[in-house]
Amino acid sequence: MQKYLSMHFFRYIQNELYAEDIPVRELINEYGSPLYIYSYKTLVRHFKAYDDSFDSIPHLICYAVKANSNLSILRLLGSLGSGADIVSGGELYRATKAGIRPSRIVYAGVGKTEEEIDFALKKGILMFNVESEQELKKIDEVAGRLSKRARIALRINPDIDPETHPYISTGLKEHKFGIPIEEALEHYRLAKSLKNIDVVGVHKHIGSQITSAQPFVDALKRVLILVEELKKEDINIRYLDIGGGLGIQYESEKPPHPKELAKRLLPILRDSRMTLILEPGRSIVGNAGILVTRVLYTKPGLGKEFVIVDAAMNDLMRPTLYGAYHRIVPVKKVRRKGIIADIVGPICESGDFLAREREIPQLKPGELIAVMSAGAYGFSMSSNYNSRPRVAEVMVKGKEHYLIRERETYKDLIRGERLVEV
Ligand code: LLP
């Protein structure tokens with residue numbers, strides 16, 4: 001069962017890597033390299049893994065748009081019943097464009113601007129996950145101006161260590177996120193007193209790529225104590241939003257399946273009568289996507305080889321930014337001697353690598369390799385650094401394939417710029 005979320009539909013058939021029922025090579029022939037490829041079946045399977053696991057209680061899955069915000073992916077998840085967890089006006093724009101109903105959208109983030117609050121209120125989102133007193137007052141003010149009421153949850157920082165990479169850990173006292181749990185009660189009292197605010201929820205999110213259920217259990221218990229205290233003050237919480245964060249297998253991690261998470265959480269929640277909200281991102285889309293890249297050159301280095309490919313840190317930033325590990329496999333399996341290599345991109349930075357000191361079969365110019373588990377925080381964190389057009393994205397469904405984002409052109413690179421003589 002544990003393996004479930006690392007299962008996907010990228011596999012070898014006679015030594016040729018397939019995305020569902022199509023050879024990856026064919027997709028590259030048609031769309032070029034580098035290319036992000038997503039598997040429809042994997043996305044559906046992962047979404048359902050969550051939805052089915054929490055079936056026995058009222059729940060809403062709000063897919064975390066930041067993990068991968070492609071419109072077609074949002075549309076697919078929306079059609080399966082997903083809502084959205086958003087963190088900006090731009091994500092709200094995307095989610096609603098893709099057909100996700102505003103009544104299923106929750107909005108987090110420490111720095112919502114007045115314009116963004118205005119936009120979200122006009123759209124009629126389910127709730128704001130509020131991160132500070134000043135933000136709360138700002139939402140009240142904007143709602144008043146629009147003659148609307150704003151539904152809110154307070155994002156509580158439960159001070160739980162999720163034991164993940166420090167950059168993606170968010171639920172400890174020293175982090176910028178949420179309101180310290182000791183101060184929650186007074187913030188809720190304030191929220192209740194504000195004229196244009198409806199207090200409907202509690203929110204927490206403690207980090208990402210969490211590979212054990214225990215931090216979720218510990219954080220939930222803390223939040224439930226708060227919910228009881230709130231009841232005494234006649235503040236009745238309808239939505240319990242426990243954030244995202246369940247990890248995936250990149251290398252040898254063994255993250256729990258959503259079913260296991262549910263098994264641990266449901267007994268604690270059974271009588272709560274609240275609607276549970278989950279905000280998974282990585283565990284839905286991470287293993288549903290790969291980045292395929294072509295070898296340009298190889299050259300000897302000190303005690304290793306450099307394999308220079310046409311994808312770079314601007315296309316997949318995770319190795320550079322977090323030292324993240326992504327499995328790298330050949331698109332065509334060949335029997336060759338193994339080498340130790342740094343797989344690097346063309347960008348002018350020493351930090352531009354997809355893998356370091358990796359054992360791989362020797363590669364030749366022109367050959368294709370696939371960077372696995374690249375569906376989450378891959379394209380969505382990509383940039384145009386070194387004036388590199390961003391790559392195309394393709395969705396595969398069985399034997400069918402669909403271009404879901406065109407490769408950028410040089411023209412796209414300068415869109416909005418002005419050639420001003422100063
Ligand atoms: N909800 C909130 C409020 C979040 O801040 C996040 C992620 C999620 C949900 C989704 O978490 P997930 O299920 O994907 O773990 N760029 C980093 C990950 C940053 C996560 C930020 N927040 C990476 O590539 O590892």
Side-chain angles (χ1 to χ4, degrees), residues 5 43 46-47 49-50 60-69 73 77 82-88 91 95 105-112 126-131 153-158 162-172 175-179 201-213 215-216 219 223 239-251 253 255-258 261 276-289 291 313 315-326 354 371 373-383:
L5 277 186
L43 286 166
H46 288 178
F47 179 81
Y50 273 99
L60 173 62
I61 293 161
C62 291
Y63 166 70
V65 173
K66 64 176 84 63
N68 187 317
S69 52
I73 289 181
L77 294 172
S82 186
D85 155 49
I86 59 159
V87 288
S88 69
E91 287 191 350
I105 295 179
V106 295
Y107 187 176
V110 293
K112 304 173 187 82
L126 175 59
M127 65 185 190
F128 292 89
N129 290 331
V130 177
E131 309 231 10
L154 293 186
R155 176 168 178 177
I156 301 306
N157 184 334
E163 285 160 21
T164 183
H165 192 289
Y167 282 17
I168 52 176
S169 165
T170 52
L172 280 171
H175 295 133
K176 70 175 176 179
F177 297 100
I179 293 160
V202 178
H203 175 238
K204 66 116 184 109
H205 170 80
I206 53 173
S208 198
Q209 185 56 11
I210 303 171
T211 51
S212 130
F216 290 97
V223 168
Y239 297 100
L240 178 59
D241 183 342
I242 62 167
L246 204 57
I248 62 168
Q249 192 176 57
Y250 286 102
E251 192 175 4
E253 305 92 330
H257 183 282
L261 186 66
L276 180 70
I277 298 180
L278 298 115
E279 303 173 344
R282 187 192 313 268
S283 47
I284 302 265
V285 78
N287 279 318
L291 171 64
M313 65 187 266
D315 302 307
L316 179 66
M317 202 182 181
R318 303 193 70 257
T320 301
L321 190 58
Y322 312 113
Y325 179 98
H326 285 260
L354 299 175
V371 184
S373 313
Y377 306 109
F379 191 93
S380 64
M381 289 175 74
S382 67
S383 77

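All ligand and atom numbering here is 1-based and tracks the order in the structure.
At least one N or O atom of E279 sits closer than 3.5 Å to an N or O atom of ligand 1. The N/O atoms of S283, backbone and side chain alike, include none that comes under 3.5 Å of an N/O atom in ligand 1.
In the vicinity of P280, heavy-atom distances shorter than 4.0 Å reach the ligand 1 atoms 13 (O). Against a heavy-atom cut-off of under 4.0 Å, Y322 is close to the following atoms of ligand 1: 16 (N), 17 (C), 23 (C), 24 (O), 25 (O).
Here the OG-OH distance, from S88 to Y107, works out to 6.0 Å after rounding to the nearest 0.5 Å.
Of all the heavy atoms of R282, the ones lying under 4.0 Å from any atom of ligand 1 are found in both the backbone and the side chain. Only the side chain of R318 comes within contact range of ligand 1, with a heavy atom under 4.0 Å; no backbone atom does. Within the 4.0 Å heavy-atom criterion, the part of A64 lying near ligand 1 is the side chain and not the backbone.
In this structure, D241 does not pair ionically with R155, as no charged nitrogen and carboxylate oxygen lie closer than 4.0 Å.
Checked by atom type, the side-chain pair H326/E251 shows no donor-acceptor distance below 3.5 Å.
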Any chance you could lay out the side chain to side chain contact (heavy atoms under 4.5 Å, CB included) test for I242 and E279, step after step, and finish with the verdict?
-> CA-CA 7 Å; I242 62 167; E279 303 173 344; over 6 Å; no

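With ring centers used as reference points, F177 lies 6.0 Å or more from H205.
Side chains of I61 and P280 form a contact here, defined as non-hydrogen atoms less than 4.5 Å apart.
Ligand 1 lies within reach of G245, whose nearest heavy atom is under 4.0 Å from it. Ligand 1 is approached by K66 to a heavy-atom distance shorter than 4.0 Å.
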